Amino acid sequence: MINYQKKKQRRLNNYLSSLLELQKEKRYLLKIRKLIIEKDYKPDNLFVKKVLSKISALENEEIITVSFNNLLYDLFKKVAITGGAAIVLLMIITCFSQGSLNPFSFLNTSGIFQEPDFLSCALLNF
Amino acid sequence: VEEYLDTNEIELVKLAKAGNKLALASLILQHEEQVVKTITGMLGKCPEADDISQETFVRFYQSLDDFKCKSGVGTYITRIAINLSLNEIKKRKRNDKFFSINSDNNILQIPDTNLSQHLENDNLKEIVNKAVQFLEPKYRIVIVLKLIDGYSTKEISEILNIRKSSVLTRLSRAQEKLRNRLKFYKEGLL
């Protein structure tokens with residue numbers, strides 16, 4: 001493989017030395033390459049500081065976001081527990097006062113819907 | 001930072017993962033020039049290039065946990081830099097379309113004044129680099145990685161996740177395109 005590469009390189013070198021046009025072409029490409037490489041690409045002196053401050057800002061932002069989310073979660077938990085407790089209490093009171101946990105018991109409307117005449121009247125009017 | 005200058009990259013990455021800011025600063029110091037080169041090569045000298053160079057390291061820091069040290073840190077960071085540059089190029093294209101700005105994409109301006117005046121080295125450098133900026137992103141990437149960053153064909157194929165033969169084809173086409181764009185300056189370049 002290495003021999004093949006060497007042979008290939010030698011053949012290319014022979015072509016190159018015999019053809020002026022190719023030599024010109026090579027010079028041209030090398031000059032372009034050189035000009036591209038030569039350009040200054042110097043980073044800013046404060047580059048590292050800037051990056052680190054960006055990272056710190058991002059971390060602070062993350063901390064604020066996380067603490068805000070935790071706060072929101074805590075608030076939600078408190079409201080949910082209070083609400084849940086209120087619902088359970090309401091159910092117990094309803095169960096004791098109405099003697100049932102039927103949904104109509106909460107609205108105190110059980111009498112109306114159990115009347116067969118009311119239903120038929122409603123259906124006829126519809 | 002100086003105390004970490006002799007520490008190897010993998011060790012630095014481990015320390016940075018553990019939250020050591022000095023190790024991170026050392027990694028940034030080692031790779032800042034490379035990243036600035038890549039991004040300036042891709043986007044040209046512009047204010048966005050600075051921001052994107054910084055953003056590259058921020059992204060690197062954010063993805064430290066995903067970095068498994070399979071490729072070198074330089075390769076990994078260059079991949080981020082290339083992706084961010086491509087995003088910026090897409091953004092520019094979108095903005096150009098939206099605001100109907102004529103970006104002269106296909107014409108390299110030929111100066112009206114005496115040509116010899118423009119053939120000094122500095123001017124030629126500008127002209128050649130401008131010609132690089134006019135290349136399509138897929139050709140520009142290989143030129144930047146090969147000529148500016150000095151990566152080998154194998155490394156470029158790893159960074160871009162393409163075959164070595166594709167890298168060579170793109171490189172050859174990119175050179176051909178550059179030659180066409182710079183034909184008016186050929187005398188100065190010989």
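Everything quoted here is computed from the prediction, not taken from an experiment. Every heavy atom of this structure was used, including side-chain atoms; hydrogens, water molecules and symmetry mates were not. Throughout, a chain's letter reflects where its sequence line sits, starting with A, and its residues are numbered from 1.
A:V48 and B:L64 fall within a single hydrophobic cluster, where Ile, Leu, Val, Met, Phe, Trp and Tyr are joined by side-chain heavy atoms under 4.5 Å apart, directly or via other members. In the hydrophobic clustering of this structure, B:L168 does not group with B:I159; members are Ile, Leu, Val, Met, Phe, Trp, Tyr whose side-chain heavy atoms approach within less than 4.5 Å, directly or through other members.
Looking at B:V58, the atoms closer than 4.5 Å to chain A (heavy atoms on both sides) sit in the backbone and in the side chain alike. Contacts of B:I143 with chain A are made by side-chain atoms alone, with heavy-atom separations under 4.5 Å and no backbone atom involved.
In the displayed structure, B:K17 atom NZ is contacted under 6.0 Å by more than 12 heavy atoms of other residues, nucleotides or ligands. With a 6.0 Å radius and a threshold of 12 heavy atoms from other residues, nucleotides or ligands, B:K91 has its NZ atom at or below the threshold. For CZ of B:R173, the number of neighbouring non-hydrogen atoms (other residues, nucleotides, ligands) closer than 6.0 Å is 12 at most.
B:E32 has no carboxylate O lying under 4.0 Å from a charged side-chain N of A:K50, or vice versa, which leaves the two without a salt bridge.
A:F47 CZ to B:D50 CG: the interatomic distance, rounded to the nearest 0.5 Å, is 8.0 Å. In this structure, CG in B:L22 is found 8.5 Å from CG in A:L52, a value given to the nearest 0.5 Å. Atom CG of residue A:L58 and atom CD of residue B:Q62 lie 5.0 Å apart, to the nearest 0.5 angstrom.
Side-chain atoms of A:E59 and B:Y61, non-hydrogen and from C-beta on, do get closer than 4.5 Å to each other.
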- [ ] Would you sort out whether B:K21 and A:I55 count as a side-chain contact (heavy atoms from CB on, under 4.5 Å), showing the intermediate values?
- [x] CA-CA 10 Å; B:K21 288 283 184 297; A:I55 288 172; 4.3 Å; yes
